[in-house]
Amino acid sequence: MWVRLTIGDFSRMTHLSVKALRHYHDMGVLEPAEVDPVSSYRFYAPSQVPTAQVIRRLRDLGMPLDEIKEVLQAADVESRNRVMVAHLQRMESQLAQAQSVVASLRSLLERPPAPIAVEHRSVGPVRALAISEHVSMPELDAWWDGAFRELDAALVAAVVSPAGPRAALYSAEYFAFEAGGEVVAYIPITDEVSAGGRTRMLEIPPAELAVAVHKGDFGSLDQTYGALGTYVAEREIGVDGPIREHYLVTAFDTEDESRHLTEVGWPIFRTTRA
C-alpha cells in the first residue's frame with residue numbers, strides 16, 4: 001500500500017501553497033498521484049517531493065510555467081538544458097539592464113547633469129526604406145531590433161547600400177500615451193527597393209532640428225532628451241513634429257554600450273544659426 005499525502009501535508013513538505021499546487025495541477029505541471037473520484041481530493045506521493053522542490057526553485061528564478069513544464073517533460077538532458085540555458089540568458093540580460101539602471105540612477109543622484117552641445121540643423125527630404133507601426137514604450141526595444149534587422153535584410157537582398165545611418169521618427173503620441181503611437185524605423189537609400197513584408201519606400205519630410213548627441217546606452221537617453229527639451233523650451237523655438245533619432249553607433253556596430261552614439265533631433269522653427 002503506497003503512502004498518500006494530502007495536499008495540505010504536501011504543501012508543508014514542499015513550501016508550495018495549496019493554491020499553487022491546485023494551479024500546477026490545472027496547468028499540467030505537477031499532477032497529483034491520485035485524485036479521489038468522489039471527493040476530488042488530491043493526494044500526492046513522497047516521490048513527488050523532489051519534483052515540487054525543483055518547480056519552486058524554477059519559479060523563484062522567474063521561469064514561466066509553460067517552460068517549467070517543458071523542462072520536466074524533456075525527453076533528454078540536452079532538451080532540458082536548452083530550455084534552462086535560454087531562461088538563464090534572459091535573466092542575465094535582465095540583470096545587465098538592472099545594473100545599467102542602477103548606474104544611471106546613481107549618476108543622477110551623485111552628479112549634476114553635464115551641459116550638452118546643441119546644433120541647429122536643416123534636414124532635407126530623405127528617401128528611405130522604412131517600417132512604420134504603432135508601438136508602445138515597453139515594446140520598443142524588441143520592435144526596434146526586429147525592424148532594423150528586417151530593413152537590413154531587405155537591403156542585402158536587393159543589393160542596395162545605405163545612404164546614411166539607421167534612424168527613426170517618434171510621434172508625440174508615442175511619448176504621451178501608455179498605448180504608444182507611431183514609430184517609423186528607416187534607413188536612407190538612393191535606389192528604389194521593392195517593398196516586402198513590413199518594409200515600404202517612404203519619403204521622410206524635411207525639418208528644422210535642434211540636435212544633441214547622446215553618448216552611451218539607451219537607458220540614459222532620457223537625460224539627453226531632458227537637456228535638449230529644456231534648451232528648446234527656454235528659447236521658445238519648439239514646434240509640433242516627430243522627434244528624430246539618428247543611430248551613429250549602436251549594438252549593430254559594437255557591444256560596448258559606452259561607445260554608442262545617438263543623435264536626437266527636436267523639431268524647431270527656422271532660426272539663424274547660433
Side-chain angles (χ1 to χ4, degrees), residues 62-64 66-67 82-83 85-104 126-189 193-202 204 212-225 242-265:
M63 180 176 283
D66 57 344
E67 292 186 12
R82 184 169 57 250
V83 180
V85 168
H87 182 69
L88 292 175
Q89 288 174 338
R90 286 198 299 272
M91 289 188 64
E92 289 170 347
S93 176
Q94 292 167 357
L95 177 60
Q97 183 178 10
Q99 291 172 333
S100 175
V101 172
V102 169
S104 179
V126 175
R127 171 186 284 189
L129 187 66
I131 293 176
S132 175
E133 288 185 335
H134 188 102
V135 183
S136 66
M137 282 193 180
E139 300 169 332
L140 181 65
D141 287 349
W143 182 89
W144 187 97
D145 184 74
F148 281 114
R149 289 187 185 279
E150 187 172 337
L151 290 170
D152 287 347
L155 293 185
V156 170
V159 195
V160 171
S161 299
R166 299 177 183 88
L169 302 178
Y170 295 87
S171 65
E173 291 76 16
Y174 166 78
F175 298 100
F177 302 115
E178 291 185 2
E182 185 183 44
V183 179
V184 181
Y186 66 93
I187 299 177
I189 56 176
V193 174
S194 298
R198 295 184 296 171
T199 67
R200 62 189 178 98
M201 291 297 301
L202 187 68
I204 307 300
V213 177
H214 173 77
K215 299 180 180 180
D217 64 274
F218 288 154
S220 57
L221 186 59
D222 61 334
Q223 296 179 45
T224 298
Y225 267 73
I243 297 288
R244 301 194 181 203
E245 291 182 0
H246 296 153
Y247 307 109
L248 307 183
V249 181
T250 70
F252 288 105
D253 308 301
T254 175
E255 294 182 358
D256 184 357
E257 292 187 339
S258 66
R259 296 173 56 193
H260 292 181
L261 293 176
T262 304
E263 286 185 339
V264 180

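The shown structure was predicted, so the numbers you read here are calculated from the model rather than taken from an experiment. Only heavy atoms go into these numbers, but all of them, side chains included; no hydrogens, no water, no symmetry mates.
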Inset, instruction - Over 60° means perpendicular and under 30° means parallel, so classify the ring planes of Phe175 and Tyr170, tilted if in between. - result: tilted

Inset, instruction - Using the side-chain contact (heavy atoms from CB on, under 4.5 Å) rule, pick out the option among Thr224, Val249, Thr262, Leu261 that qualifies with Lys215. - result: Leu261

Do any side-chain atoms of residues 176-189 form donor-acceptor pairs under 3.5 angstrom with protein atoms, and if so which ones, sequence neighbours left out?
residue, atom, partner, partner atom, Å
Glu182, OE2, Ser132, OG, 2.6

Legend entry - Residues which pass side chain to side chain donor-acceptor pair (under 3.5 Å) with Tyr225, listed by chain and number, not counting sequence neighbours: Glu245

Legend entry - Spacing of CZ belonging to Arg200 relative to CD1 belonging to Ile131, to within rounding of 0.5 Å: 10.0 Å

Legend entry - Considering all heavy atoms, the nearest Arg90-Pro64 contact: NH2-CD, 4.4 Å

Inset, instruction - Apply side-chain contact (heavy atoms from CB on, under 4.5 Å) to the pair Thr250 and Phe148, showing each step before the final yes or no. - result: CA-CA 11 Å; Thr250 70; Phe148 281 114; over 6 Å; no

Inset, instruction - Could you grab the distance from atom CG of Leu129 to atom OG1 of Thr199, nearest 0.5 Å is fine? - result: 4.5 Å

Inset, instruction - Could you grab the distance from atom NE2 of His214 to atom CD of Gln223, nearest 0.5 Å is fine? - result: 7.5 Å

Inset, instruction - Please list all pairs passing the salt bridge (Lys or Arg N to Asp or Glu O under 4.0 Å) test where one or both residues lie in residues 150-175, with sequence neighbours left out. - result: Glu150-Arg198, Asp152-Arg166

N/O donor-acceptor pairs under 3.5 Å from side chains in residues 158-165, not counting sequence neighbours:
none

Legend entry - Set of residues satisfying side chain to side chain contact (heavy atoms under 4.5 Å, CB included) with respect to Leu88, sequence neighbours excluded: Met91

Inset, instruction - Specify whether Phe218 and Tyr247 have parallel, tilted or perpendicular ring planes, treating 30° as the upper limit for parallel and 60° as the lower limit for perpendicular. - result: perpendicular

Inset, instruction - Determine which pairs satisfy salt bridge (Lys or Arg N to Asp or Glu O under 4.0 Å) with at least one residue from residues 135-145, sequence neighbours left out, and list them in order. - result: Asp145-Arg149

Legend entry - Arg259 side, atom CZ; Asp217 side, atom CG - distance, nearest 0.5 Å: 14.5 Å

Legend entry - Gap separating the OG atom of Ser220 from the CD atom of Glu257, nearest 0.5 angstrom: 9.0 Å

Legend entry - Atom of Arg244, atom of Leu169 and distance for their closest heavy-atom approach: CG-CD2, 3.3 Å

